[in-house]
Q: 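Below is a structure I'd like to ask you about.
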Amino acid sequence: MCRASGVCRKWKEGVKQSVGRRRCLSFAGWKMDDDSTARLVHLAFSLKELDISRSRWGCQVTDEGLCRISAANCVPNLTSISLWGMTGITDHGVVHLISKASSLQHLNIGGTFVTDDSLFAIAESCPHLKSIVLWSCRHVTEVGLVSLVNKCRKLEAMDVWGTRVPVDCFIALLAMSPALHIKAAGLLSNNGGATSASMLPVA
């Protein structure tokens, strides 16, 4: 698409219109950087689903890229964001992006180094959140999870496998929201057997 946009002015406009109509963009498997990712997202004014997951090719998006993406016109309308495995991002970039994504329903920030600061931002900015993946987010605590469940009243599913949060916290979360499905190591089912609660699909 980048090569096509360089052919002539008409082709460049055609590429812009094509990107602008896209409802889903996935950069998983592509070696993207802050500049190229932000430029494409800014063109995709109809975007609903954004996937910037890290792959074996190494997506190089950082906090700077997330901050630039957060200024795109499509961000308030995004319903799904995946930042799976993006080890180059921190709370700084995630908070900037999430604070603008007021329509978000599905969020995957598993495998990142986010802390409770990101969870607080999600709790304040994403009232429509239905599912979240926090797989192996070892810096989140029960304080952040309680805030998330308390304020995101539409939350249906949470993957907290690999976190350092004690089982007692998950029991408390289920007491707050009995319909919540939690996927976590060591969580007990109603019949007393060791299991993990069912997990709804998360983008």
Side-chain angles (χ1 to χ4, degrees), residues 27-28 32-34 37 50-56 58-70 75 78 80-102 104-177 180-188 196-197 199-200 202-203:
F27 301 115
M32 303 293 291
D33 57 20
D34 290 337
T37 304
L50 177 62
D51 182 358
I52 321 178
S53 302
R54 183 178 178 85
S55 70
R56 63 190 179 93
C59 190
Q60 303 299 319
V61 176
T62 66
D63 283 340
E64 180 183 351
L66 294 186
C67 290
R68 292 171 61 182
I69 290 171
S70 69
V75 171
L78 289 177
S80 176
I81 296 176
S82 178
L83 304 174
W84 171 265
M86 297 298 298
T87 55
I89 63 174
T90 67
D91 290 322
H92 177 69
V94 173
V95 170
H96 264 81
L97 179 60
I98 295 303
S99 62
K100 303 290 183 65
S102 56
L104 197 63
Q105 297 180 19
H106 307 286
L107 176 63
N108 188 340
I109 47 177
T112 65
F113 297 115
V114 297
T115 71
D116 286 346
D117 287 344
S118 289
L119 298 189
F120 295 149
I122 296 167
E124 292 294 335
S125 306
C126 306
H128 305 292
L129 191 68
K130 294 182 178 180
S131 63
I132 185 169
V133 173
L134 297 166
W135 182 89
S136 199
C137 290
R138 296 181 175 270
H139 300 289
V140 302
T141 72
E142 50 266 44
V143 176
L145 293 178
V146 167
S147 176
L148 185 69
V149 173
N150 187 46
K151 293 191 176 182
C152 296
R153 305 307 299 175
K154 296 182 180 180
L155 191 63
E156 300 172 354
M158 175 188 296
D159 184 343
V160 286
W161 192 278
T163 63
R164 295 173 176 173
V165 179
V167 174
D168 288 349
C169 173
F170 304 139
I171 296 174
L173 295 179
L174 290 173
M176 294 170 57
S177 180
L180 180 64
H181 292 194
I182 301 177
K183 184 176 182 180
L187 192 63
L188 297 180
S196 58
M199 184 67 191
L200 298 180
V202 177

Q: Minimum heavy-atom separation for Ala101 to Cys126, with atom names?
A: O-SG, 3.7 Å
Q: Is there a side-chain contact between Val160 and Leu145, using heavy atoms and a 4.5 Å cut-off?
A: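 Yes, at least one pair of side-chain atoms sits under 4.5 Å.
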Q: With distance as the sole test, does Asp159 use its side chain to make a donor-acceptor pair with the main-chain N or O of Leu134 at under 3.5 Å?
A: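 Looks like no, no N/O pair under 3.5 Å.
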Q: Kindly give the heavy-atom pair with the smallest separation between Met86 and Ser53, and that separation in Å.
A: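 That closest heavy-atom pairing would be SD-C, 4.0 Å.
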Q: I'd like to check Arg153 versus Pro127 (side-chain heavy atoms, cut-off strictly below 4.5 Å). Are they in contact?
A: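 No, their side chains stay 4.5 Å or more apart.
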Q: Could you tell me which non-hydrogen atom of Cys67 sits nearest to which non-hydrogen atom of Gly93, and how far apart they are?
A: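 Here Cys67 and Gly93 meet closest at SG-CA, 4.4 Å.
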Q: If you look at every heavy atom in Ala184 and Phe170, which pair is closest and at what distance?
A: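 Scanning both residues, the minimum pair turns out to be CB-CE1, 3.5 Å.
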Q: Can a donor-acceptor pair be found, under 3.5 Å and without considering hydrogens, that links the side chain of Thr37 to the backbone of Asp34?
A: no
Q: Do Phe113 and Thr90 have side-chain heavy atoms sitting under 4.5 Å apart?
A: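 A side-chain contact under 4.5 Å is absent here.
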Q: Does any part of the side chain of Leu107, heavy atoms only, come nearer than 4.5 Å to the side chain of Ile122, both counted from C-beta?
A: yes
Q: Enumerate the residue pairs fulfilling side chain to side chain donor-acceptor pair (under 3.5 Å) with a member in residues 162-171, sequence neighbours excluded, ordered by first and then second residue.
A: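 Sorted pair list comes back empty.
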Q: Mind checking whether Lys100 and Val75 have side chains closer than 4.5 Å, heavy atoms only?
A: yes
Q: Taking the side chain as C-beta and beyond, is there a heavy-atom pair between Leu50 and Phe27 under 4.5 Å?
A: yes
Q: What distance separates Ile89 CD1 from Thr62 OG1, expressed to the nearest 0.5 Å?
A: 9.5 Å
Q: Under a plain distance cut-off of 3.5 Å, with no hydrogens placed, do Ser131 and His106 share a side-chain donor-acceptor pair?
A: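 A donor-acceptor contact under 3.5 Å links the two side chains.
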Q: From the options Leu129, Val133, Ile132, select the one residue that forms a side chain to side chain contact (heavy atoms under 4.5 Å, CB included) with Met158.
A: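 The side chain to side chain contact (heavy atoms under 4.5 Å, CB included) with Met158 is passed solely by Ile132 among Leu129, Val133, Ile132.
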Q: Measuring from Asp51:CG to Asn108:CG, what's the distance to the nearest 0.5 Å?
A: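 If we round to the nearest 0.5 Å, Asp51:CG and Asn108:CG are 8.0 Å apart.
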Q: May I have all residue pairs that pass side chain to side chain donor-acceptor pair (under 3.5 Å) and include part of residues 116-128, sequence neighbours excluded?
A: Asp91-Ser118, Asp116-Thr141, Glu124-Lys151, His128-Lys154
Q: Taking the side chain as every heavy atom from C-beta outward, state whether Met176 and Val146 have any atom pair closer than 4.5 Å.
A: yes
